[in-house]
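To keep things clear, I will list the structure first and then write my remarks on it.
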Protein chains: 2
Amino acid sequence: MVTIHDVAARAGVSPATVSRFLRGQHVRSSEKIQAAVDELGYWPSAAAQSLKSGRTYTIGVVVPDITNPYFAAVVKGMESVTRAENYRILLANTDESSDREDDVLADMVRRVDGIVLAPATEQDQTPLHVRDADVPLVFVDRDLAGGEHFDAVLVNNVDGGRQAAEHLVGLGHTRIAAISGNQDTTPGRCRREGFVSALAAAGVDVPAEYDLVGNFREESGYQLALSLLSLPEPPTALFTANNLMTLGALKALHDMRVDVPGQVSLIGFDDLDTGPLLRPPLTVIDRPMVEQGVLAMRLLLRRFDPQYTGDTPRHIVLDTKLIERASTAPPPGSGDRRQATTRTRRGRSA
Amino acid sequence: MVTIHDVAARAGVSPATVSRFLRGQHVRSSEKIQAAVDELGYWPSAAAQSLKSGRTYTIGVVVPDITNPYFAAVVKGMESVTRAENYRILLANTDESSDREDDVLADMVRRVDGIVLAPATEQDQTPLHVRDADVPLVFVDRDLAGGEHFDAVLVNNVDGGRQAAEHLVGLGHTRIAAISGNQDTTPGRCRREGFVSALAAAGVDVPAEYDLVGNFREESGYQLALSLLSLPEPPTALFTANNLMTLGALKALHDMRVDVPGQVSLIGFDDLDTGPLLRPPLTVIDRPMVEQGVLAMRLLLRRFDPQYTGDTPRHIVLDTKLIERASTAPPPGSGDRRQATTRTRRGRSA
DNA sequence: TGTCTTTCTGAAACCGTTGTCAGTGGGAGT
DNA sequence: ACTCCCACTGACAACGGTTTCAGAAAGACA
């Protein structure tokens with residue numbers, strides 16, 4: 001490995017001078033040093049710089065599942081910010097496991113200047129230890145009990161649930177089911193709450209057998225949708241709590257030859273790249289994704305600026321938006337033939 | 001920050017002894033040291049360890065686009081290996097840009113023990129410099145001119161192209177178009193070569209206006225598909241060179257109200273999670289994704305074992321597989337009514 | 001008890017870089 | 001020619017660990 005001493009020797013100066021030159025100070029023998037650097041192909045050692053400065057210029061990013069298009073988009077947004085600010089991203093998957101998250105965070109604390117975390121559960125207290133280590137932490141997508149002490153970029157999940165509920169009620173549905181995600185996560189809990197309470201407000205009751213809780217994975221959406229369809233009186237509309245569960249549910253509906261939206265309407269949380277191309281095109285509650293990553297990373301990097309270090313934590317809450325496509329329609333047997341036929345044109349008619 | 005000296009002082013021993021204890025050596029005052037570590041919440045500084053040992057236990061992963069489900073899956077596979085071996089992943093996106101790749105690699109070389117790279121172009125020579133820096137490098141998905149000096153995990157793209165071609169020819173198509181990816185990348189070039197030459201072998205000629213080259217992005221697939229459809233004599237079958245271009249092409253076909261596969265058959269390279277749920281379910285050339293990541297990372301970590309460090313580079317080439325779904329069918333007007341009607345049942349009939 | 005061996009220990013050097021500090025040398029001003 | 005000033009420089013000491021080396025303590029044996 002070529003060190004700053006090698007460069008110094010070759011240029012006939014001291015290492016200190018080389019260091020000064022590299023940091024942009026004016027130096028008499030700049031040409032000779034530059035030449036030495038080029039000839040030797042010198043690059044300073046990041047480890048040595050970190051040791052001296054106490055900064056790694058690296059940000060830890062911890063997500064439950066990088067193959068979830070939502071998190072992939074969030075990470076991409078974060079990456080665009082770190083790149084511009086000369087930071088790097090140390091990435092870790094937790095597979096939705098709190099234990100794994102503990103390990104990852106304990107390890108990261110010694111290697112990064114800050115962390116963006118989508119916590120596995122709301123009860124997890126490990127992140128609080130991160131704070132003890134004086135490593136700034138920002139939550140994205142999910143909050144924490146005690147999370148008010150941290151910056152966060154969230155989405156109005158309760159309101160998203162409400163939008164979904166009101167959409168289905170507006171179409172005339174009364175037998176409405178929900179397939180929710182982990183109830184120990186912010187999005188899991190809030191989307192369900194928003195959905196169920198908006199239904200209640202509209203006078204629609206959700207019986208226990210229609211109120212299912214899974215774990216945000218595709219398989220979970222698939223299994224729970226199957227169980228709903230096997231009910232003596234299956235629902236006519238279905239709300240799924242994230243993109244993967246929506247796909248799982250849609251697969252189940254296909255496998256059971258159920259006409260969507262002719263027999264069952266489906267509305268999901270989170271849009272998909274392929275949303276418009278699916279059978280049928282999905283009606284979803286959409287939210288910013290890349291933008292969430294950008295905002296979270298900005299919030300984090302801000303903490304490195306002494307001017308803002310001590311600011312009280314900020315919670316940015318973004319709005320969701322209903323995207324109406326063709327997977328929702330009035331319930332079967334309702335008077336509205338026009339709508340129903342228009343909407344089911346592409347499905348197998350009942 | 002609490003250092004090894006603080007722990008030593010508290011335990012009444014020297015830093016050397018604490019270090020020995022932490023590395024598992026037998027030490028007389030182990031209880032006292034453990035107590036001091038716990039009470040102070042001590043964690044060794046990664047920077048200091050790296051500086052001394054010359055190892056960072058970090059692997060650089062460079063991909064063109066993390067939001068491409070293929071690369072997300074590959075990264076996930078890599079992550080499962082690094083986790084088990086106590087390594088971490090420093091992630092970077094290049095946005096398919098060689099310049100960006102240069103910057104990223106130059107930066108990474110000083111911060112990681114090894115790199116897995118999906119190169120932006122085959123001509124790029126920067127990776128060779130990485131070798132000068134004595135940082136092991138493994139290619140994944142894409143190779144390089146001069147890449148024979150490196151380990152690589154690839155896919156038999158030529159054969160994948162052939163499979164697609166033979167499938168379409170087998171259905172009776174003769175007006176067949178290809179929407180290819182960047183020709184300065186391995187997959188872009190090989191998939192097109194395999195496809196076109198297999199068609200030629202079957203006696204099917206691909207005129208220039210059917211042989212389009214784009215850039216692996218959805219928008220590119222969309223635009224090129226539109227241009228094909230506006231031809232005086234549009235093709236009856238279409239091969240798209242990756243998942244995103246396939247989606248783009250499918251969107252174009254939808255927008256132009258073209259019946260798939262009634263009027264035009266579509267076969268893509270790379271399966272999608274949503275593949276079976278699309279309108280119509282996509283026929284694709286599939287290949288291992290997570291597994292590619294796993295293999296690439298294993299190949300890389302192997303290089304750290306002195307036993308294998310000097311081994312001649314290995315190229316692992318995985319096979320592709322045709323998954324027949326409903327987006328391909330005999331061309332319109334062909335005698336085979338049974339197949340055509342079966343296959344187009346879900347499309348808008350012509 | 002004395003010698004020899006083994007096990008454990010602390011001092012100190014080192015990894016590569018940066019910041020401090022006390023110069024050194026050159027130029028401007030008288 | 002002499003002083004003063006200022007820009008620039010190199011030696012040196014950190015940063016927080018690990019490793020070497022030599023020596024101390026403890027155990028084995030006669």
Side-chain angles (χ1 to χ4, degrees), chain A residues 1-37 40-58 86 88 106-113 133-135 306, chain B residues 1-37 39-58 86 88 106-113 133-135:
Chain A
M1 181 186 214
V2 32
T3 76
I4 202 169
H5 290 91
D6 302 329
V7 176
R10 178 154 197 142
V13 296
S14 76
T17 301
V18 177
S19 175
R20 281 188 272 258
F21 167 74
L22 292 171
R23 336 201 74 246
Q25 288 184 36
H26 182 74
V27 150
R28 258 196 281 273
S29 44
S30 47
E31 310 83 1
K32 268 194 299 188
I33 299 179
Q34 183 62 60
V37 165
L40 276 70
Y42 167 75
W43 285 100
S45 143
Q49 287 180 318
S50 296
L51 178 58
K52 195 70 178 64
S53 67
R55 316 264 287 112
T56 61
Y57 289 93
T58 301
N86 193 31
R88 292 128 207 96
D107 179 71
M108 273 192 170
V109 157
R110 339 179 267 136
R111 327 186 84 96
V112 301
D113 294 341
D134 266 325
V135 176
Chain B
M1 181 185 214
V2 31
T3 75
I4 202 169
H5 292 89
D6 303 328
V7 177
R10 177 154 197 142
V13 296
S14 75
T17 303
V18 177
S19 174
R20 281 188 273 257
F21 167 73
L22 292 171
R23 334 202 75 247
Q25 289 184 35
H26 182 75
V27 150
R28 258 195 279 276
S29 44
S30 47
E31 310 84 3
K32 269 194 299 189
I33 299 179
Q34 184 61 60
V37 165
E39 289 160 21
L40 276 66
Y42 168 75
W43 285 100
S45 143
Q49 288 180 317
S50 296
L51 178 57
K52 193 70 176 68
S53 67
R55 317 264 284 112
T56 61
Y57 289 94
T58 302
N86 193 31
R88 295 128 204 96
D107 180 70
M108 274 192 170
V109 158
R110 339 180 268 137
R111 326 186 86 96
V112 300
D113 294 341
D134 267 325
V135 176

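Naming convention: chains lettered A, B, ... in sequence-line order (proteins, then strands); numbering from 1 in each chain.
Residue order along DNA chain C, read from the 5' end via each residue's closest nucleotide, puts Val27(B) first among Val27(B) and Leu22(A). DNA chain C is contacted by both Gln25(B) and Trp43(A); Gln25(B) maps to the nucleotide lying nearer its 5′ end (nearest heavy atom per residue).
Side chains of Arg20(B) and Thr17(B) form a contact here, defined as non-hydrogen atoms less than 4.5 Å apart. Contact check for Asn86(A) versus Arg88(A): side-chain heavy atoms found under the 4.5 Å cut-off. Within the 4.5 Å cutoff, the side chain of Val13(B) has no heavy atoms near those of the Phe21(B) side chain.
When distances run from any side-chain atom of Lys52(A) to the nucleotides dC14(C), dT18(C), dT9(C), the shortest one goes to dT18(C). Comparing dT9(D), dC8(D), dT18(C) by their closest approach to the side chain of Ser29(A) singles out dT9(D). Across dG16(D), dG10(D), dT17(C), the shortest atom-to-atom separation from the side chain of Val13(A) is found for dG10(D). With dA11(D), dC8(D), dG16(D) as the candidates, the nucleotide lying closest to the side chain of Ser14(A) is dA11(D). Closest to the Leu51(B) side chain, of the nucleotides dG17(D), dG16(D), dG19(C), is dG16(D). Side-chain proximity of Ser45(A) to dT17(C), dC8(C), dT18(C): nearest is dT17(C). Side-chain proximity of Ser19(A) to the nucleotides dT17(C), dC8(C), dT18(C) is greatest for dT18(C). Side-chain proximity of Ala16(B) to dC8(D), dG10(D), dG10(C): nearest is dG10(C).
The heavy-atom pair separating Ile33(B) from Val27(B) by the smallest distance is CD1-CG1, 3.9 Å. For Gly41(B) against Val2(B), the heavy-atom pair with the smallest separation is O-CG1, 4.0 Å.
When the side-chain nitrogen and oxygen atoms of Arg23(B) are compared with OP1 and OP2 of dT19(D), one or more of them lie within a distance under 4.0 Å. Taking only side-chain nitrogens and oxygens, Thr17(B) comes nearer than 4.0 Å to OP1 or OP2 of dG10(C). For the pair Arg110(A) and dG16(D), the criterion of a side-chain N or O lying under 4.0 Å from OP1 or OP2 is not met. When the side-chain nitrogen and oxygen atoms of Gln49(A) are compared with OP1 and OP2 of dG16(C), none of them lie within a distance under 4.0 Å.
The interatomic distance linking Ile4(A) (CD1) with dG10(D) (P) rounds to 12 Å, in whole Å. Met1(B) places its CE atom 8 Å from the C1' atom of dG16(D), with the value rounded to the nearest Å. What separates CG of Leu40(B) from P of dG16(D) is a distance of 14 Å, to the nearest Å. Rounded to an integer number of Å, the gap from Ile33(A) CD1 to dC8(D) P is 12 Å. The interatomic distance linking His26(B) (NE2) with dT7(C) (P) rounds to 11 Å, in whole Å.
Considering CD1 of Ile4(B) and CG of Leu40(B), their distance stands at 12.0 Å, rounded to 0.5 Å.
Here His5(A) lies in heavy-atom contact (under 4.0 Å) with a base. Among the heavy atoms of the strands, none lies under 4.0 Å from Phe21(B).
Counting atom types as modelled, Arg20(A) pairs a side-chain N or O with a base atom of dG10(D) as donor and acceptor under 3.5 Å.
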